Every structure is written in C-alpha cells, then in structure tokens.
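Chain identifiers are assigned alphabetically (A, B, ...) following the order of the sequence lines, protein sequences preceding nucleic acid strands; residue numbering begins at 1 within each chain. Computed from a predicted model, the values in this text were never measured in an experiment.
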2 protein chains.
Amino acid sequence: MVGTLAPRRDIPSATVSRLPVYLRALHEFATRDVTRVSSEELAAQAGVRPTQLRKDLSHLGSHGVRGVGYDVGRLTAELTNALGLNRSWPVAVVGMGNLGRALAAYSGFATEGFHVEALFDHDPSVIGDLVGRHRIASMGELTDVVARLGIAIGVIATPANSAQDVADALVGAGVRAILNFAPVALALPEGVACRSVDLATELHVLAFLRQPERVGADVGRGQ
Amino acid sequence: MVGTLAPRRDIPSATVSRLPVYLRALHEFATRDVTRVSSEELAAQAGVRPTQLRKDLSHLGSHGVRGVGYDVGRLTAELTNALGLNRSWPVAVVGMGNLGRALAAYSGFATEGFHVEALFDHDPSVIGDLVGRHRIASMGELTDVVARLGIAIGVIATPANSAQDVADALVGAGVRAILNFAPVALALPEGVACRSVDLATELHVLAFLRQPERVGADVGRGQ
DNA sequence: CGCACTTTGTGCATTTCTTCACAAACCCCT
DNA sequence: AGGGGTTTGTGAAGAAATGCACAAAGTGCG
Ligand SMILES: NC(=O)c1ccc[n+]([C@@H]2O[C@H](COP(=O)([O-])OP(=O)(O)OC[C@H]3O[C@@H](n4cnc5c(N)ncnc54)[C@H](O)[C@@H]3O)[C@@H](O)[C@H]2O)c1
Ligand SMILES: NC(=O)c1ccc[n+]([C@@H]2O[C@H](COP(=O)([O-])OP(=O)(O)OC[C@H]3O[C@@H](n4cnc5c(N)ncnc54)[C@H](O)[C@@H]3O)[C@@H](O)[C@H]2O)c1
C-alpha cells in the first residue's frame, strides 16, 4: 500500500472478533521468547487456518516479511493499537451475585487495560460489602460514580428481568459499551456497543450438535 | 474451531445458534399466557428481524398459520425437539474456582434438561468440599464418574494452561461435547463438539467498537 | 551477484448468511 | 360463499465471509 496511513476502517466484523485471539496467541509466543512466527505457527496457536490469519491481518495493513514471517513484538503492537488497547478501560460490574463476584475477582480481567473500578447491586444487604478491593455501591450512586471514574464499559450480571433497567441506568450515566451476561436481548440506543454472553445458548447448541442425527455438524465459534 | 470441522446437516449453523434465543422468547410469551405470536412480535422479543426469524424457522419445516402467526406451545415443542432438549443432559464442571463455583450454583443451568451432576478439581485442598448438593471429586475419579453418570457435556473452568489436559481427560472418558471458558484454542478429535466462551475477546471487541474512529460500527452478536 | 527457497499479501471463486419482495394460505366478516 | 385483510414461507438478490492459488518480495547461500 502507498503512504503511511494504514487502512484502519472497514475491518470486517468477523475479523475484529478474531484479532483478540491472535493477540493472545502472540503473547503465548512472547512468553516463550519467540521473536518471529510464520502465519502457519500463529494460526495453529490461534486455532484458525493460516490463510484466514493472513487475510485478517491484511485488513490492518499489517506487514510481515515475506519469506520470513511476522515479528512478534511488532505485530503485537499493531494489534494492540488496532484494538484500542493502549489505554485504560475502567469497568463497572452491576449485580454482585455468584457470577458478578466471580467476574470481580477475575484477574484475567485486569490484563490489557481492563480494570474493574466499581461494583453495584440493588440489594441493601450486600451494599457496602467488600469484594476484592472494592466496596459494593448502591444503584443510586451509579450515575455519580460512573462519571467520576470515567467508566467506559458496564458489565451486567443481574437476573434477566432486571437487565434492561440496569442497561438503561448505565446508558443514562454515559456508558456506551455493555457486556451482558443476562439472557435477554437488550434494547439500546444507536451508538451503544453491546456484546452478550449467553450460557444457555451455548449449551443448547452443544445439545443440538450431540444429537445422534447430527453428530459432527459444526456450528462455529468452536473456538 | 479445532476438532469440530465436519460434515454439515441441513440446518445452517447461524440458524442453530439463534434457535435457543427464539425458544427463550417463546417462554417469555408463555409465562404471559400468550398463545399466539406473529413473527414480528417474536422477532422483537428475540432481538432479530422478522424476516430472519421466518427464514430460520423455515429450515425446521416449521409451520405457523398464514394470516395468524405461530402457536406458542406448538412452536416451543418443535424448537425443543429440534434442539434435542427433550432429554436430560448430565453436565460435569471441571475447575472449581471462582467461575466454576458460580456455574455450579447457577440455577439457570438446570433449565431445559441440563443438570450439573459432577464437579472436579485437582487441588487436594478443595476435593471433598460440598458445592451445592455435590461433592468435589478428584481428577482421578473422572473417568469412572463420567461413565457411571453418563456425563454428556463437560464444562472447563480451569486456568488456560490446564485446559487442554482437562479436555483430553474428558474426551478420554467419553465426553463428546465441551463448553470451554478458558482462553485457549483446544485441539480436539473429530466428532467432539466444542464451544468456547471468551471474556477477554468480548472486552477487546467492545474496546475496538468504542474507539473514537469507529463509533457506530457493528460487529454483531450485539444481542 | 544471482538463483533457489520460503512465506506473505491478495485477486478471485466459492460458500454462507441476510434481506427483499411477493405469491400462497389462512381467518373473519358480511 | 366470496372478498378483504393479514401474515407466513420462500425464491432470488445482495452482502459478507471463507478458502484457493499464485505472483510478489524477501532471505541466504554458493
Ligand atoms: N451464575 C452463573 O454461572 C451464570 C452463568 C451465565 C449467566 N448467568 C446470568 O448472569 C446473571 C446473574 O447470575 P447469578 O447467578 O450471579 O445471579 P444471582 O441471583 O446470584 O445474582 C444476581 C445479583 O443481581 C442483583 N440485582 C438484581 N436486580 C438488580 C437490579 N435491578 N440492580 C442491581 N442489582 C440487581 C441481586 O441483588 C444479586 O446480587 C443472570 O442473568 C444469569 O442468567 C449466570
Ligand atoms: N472468574 C471469571 O470471572 C472468569 C470469567 C471468564 C473466564 N474465566 C476463565 O475461567 C477459568 C477459571 O477462572 P477462575 O477465575 O475460576 O480461576 P480460579 O483460579 O479461581 O479457579 C481455577 C480452578 O481450576 C483448578 N484447576 C487448575 N488446574 C486444574 C487441572 N489440571 N485439573 C483440574 N482442576 C484444575 C484449580 O484448582 C482451581 O480451583 C480461567 O481459564 C479463566 O480465564 C474466568
């Protein structure tokens, strides 16, 4: 490509959701002090085909070296930059039940600039409790806390019937990215990014795949 | 997608992963004693477009009534049957840390025939502990217990560096469906179904979507 | 230096997924 | 019984994603 401005826009969404996987694969090589990888090695680690990896990277305008492969450090930097991971992303978790507490305690959360900075619940009997190094705040404090800490991502870990209310509260407070663990489709205004993780759906798909008539079918997201 | 590539049956995989969502939407209507829904109403509840819903259902050979809509009970039965949810699916959870305990305690797990029947960990200091109504078993017991209880689905909630070993143990014991929460691509033999849930990836995608340059982009799975 | 060898980047064909547009099918009312 | 009003089911078009095949671009050795 001509010029120094990489073609950052128009990255296909399927590609975007694989970039984090490549990034993790690169970290794996880095911890083994490997400084160069071929698309074949990296793809194997990431669980995709080499062709797909190269096509995906080509959308970033990323350049490896033909005949040699990719520089682990350089490609890591490019992916980190493309994903916007060279800044801090303060996270709030709403709903401190079983799942919320596991998430709040999750150390893997803290990698790559994601930091749990606030916890909320509406149950008076848990408000004020300490989970890790944070106190559980009430829902009434949400707007102020979100603004003061600059919360960028809200995680919803409440029961399904509260999830829409919580989403509305988060959006109202200025949060524009939501990770939802409740099994409902949230209605959100344009411009608010949302990803849902749905355990029941995953189990159902596995059940479908395990039916005798359909053994071996592949529904994707296997990795 | 390692290990899950295989022949294809006639229901498109994208459709299969939406069927559970439709099923949940139907339950929502059922609890409100609604007996008939149009594709428009059902699609709204599920967070998809009516056209998509109808196309998906058409793959099941499902029949609503033109000019009227779908019978909630009948469509529920058809979806339940298509997904293979009219039987019991004994589940085992391996790795009883923060996440594993949350999963074991998860009541939503028990719906639709999924029952957590066994818990495993390799840490001697937790083996024998009770979580809910089950005792945590050692990894040495895995093969026997899986066989005795007819475990159909294995859930991996161990750290990433143990996940492949655990997967091998599960597969060796006869489990052919795995739900993996560890952030690694598992290598699995042909014929073993696998779905991975990856929190870090979800956060990374949200970070990407929240970058100023890309406001408004949509990477899917938003609902 | 030039030739043999390796591995990337990408145009193109193929497959899969989504959306459109409308005929077919059904209910209900008169 | 027939006509008007709905809503489904689906072929066909369009969009997105995947996989193939190979030229381009680099390394390193003789
Ligand atoms: N536990 C799991 O393993 C698991 C796995 C996948 C998905 N989920 C989903 O995650 C969600 C939480 O699951 P859980 O097992 O932690 O449930 P839980 O009942 O243990 O915890 C829910 C928490 O949310 C709080 N809450 C309820 N309404 C609220 C509101 N309006 N505002 C603020 N807080 C509110 C409750 O006080 C409680 O502390 C559910 O939607 C569940 O379906 C859970
Ligand atoms: N905690 C979360 O919220 C969360 C969210 C998403 C994903 N994850 C992922 O889920 C996994 C578990 O997370 P966690 O926070 O519960 O970790 P954890 O450290 O709290 O628990 C891990 C458990 O696995 C057990 N274990 C380790 N190696 C084992 C082996 N070879 N065989 C059997 N058991 C073994 C350990 O004894 C421990 O009890 C990790 O891969 C993590 O990345 C966690």
Does a side-chain N or O of [X] approach OP1 or OP2 of [N] to a distance below 4.0 Å, or not?
X        : N       : answer
Arg18(B) : dT18(C) : yes
His63(B) : dT8(D)  : no
Ser13(B) : dC17(C) : yes
Tyr70(A) : dG9(C)  : yes

Worksheet entry | Minimum heavy-atom distance Lys55(A)-Ser58(A), with the two atoms named | O-OG, 2.6 Å

Worksheet item: Considering heavy-atom distances to DNA chain D, does Thr15(A) or Glu40(B) have its closest nucleotide positioned more toward the 5' end?
Response: Glu40(B)

Rounded to the Å, how far apart are [X] [atom1] and [N] [atom2]?
X        : N       : atom1 : atom2 : answer
Leu57(A) : dT18(D) : CG    : C1'   : 15 Å
Arg49(A) : dA17(D) : CZ    : C1'   : 15 Å
Leu53(B) : dT8(D)  : CG    : C1'   : 11 Å
Gln52(A) : dG9(C)  : CD    : P     : 15 Å
Asp56(A) : dT18(D) : CG    : P     : 7 Å
Asp71(A) : dT8(C)  : CG    : P     : 13 Å
Leu42(A) : dT7(C)  : CG    : P     : 14 Å

Return the polar atom pairs (N/O with N/O) between nucleotides 12-15 of chain C and the protein under 3.5 Å, or none.
| residue | atom | partner | partner atom | Å |
| --- | --- | --- | --- | --- |
| dC12(C) | N4 | Lys55(A) | NZ | 3.4 |

Worksheet item: Under the salt bridge (Lys or Arg N to Asp or Glu O under 4.0 Å) rule, what pairs show up with a residue in residues 58-75 of chain B, not counting sequence neighbours?
Response: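 Listed once each, the pairs are Arg74(B)-Glu78(B).
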
Worksheet item: Quick one: on DNA chain C, does Arg54(B) or His59(B) contact a more 5' nucleotide (nearest heavy atom)?
Response: His59(B)

Item to complete: Please list all pairs passing the side-chain hydrogen bond (donor to acceptor under 3.5 Å, both in side chains) test where one or both residues lie in residues 89-102 of chain B, with sequence neighbours left out.
Response: none

Worksheet item: Thr51(A) has a side chain; which of dT19(C), dC17(C), dG19(D) sits nearest to it?
Response: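 From the listed options, dG19(D) comes nearest.
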
Worksheet, complete the sentence: side chain to side chain contact (heavy atoms under 4.5 Å, CB included) filter on Ala118(A), not counting sequence neighbours, yields Ala92(A), Phe120(A), Val145(A), Leu149(A), Ile151(A)

Practice prompt. Could I get the full list of side chain to side chain contact (heavy atoms under 4.5 Å, CB included) partners for Gln45(A), not counting sequence neighbours?
Written response: Ala25(A), Glu28(A), Phe29(A), Arg32(A)

Going by the rule side chain to side chain donor-acceptor pair (under 3.5 Å), which residues pair with [X] if we only count those two or more places apart in sequence or in a different chain?
X        : answer
Gln52(B) : Arg18(B)
Thr15(B) : Asp56(B)
Thr76(B) : none

Show each protein N/O and nucleotides 23-30 of chain D N/O combination with a separation under 3.5 Å, one pair to a line.
| residue | atom | partner | partner atom | Å |
| --- | --- | --- | --- | --- |
| dA24(D) | N3 | Arg66(A) | NH1 | 2.8 |

Discussion item. Counting only heavy atoms from other residues, nucleotides and ligands, does the tally under 6.0 Å from CD of Glu40(A) exceed 12?
Written reply: no

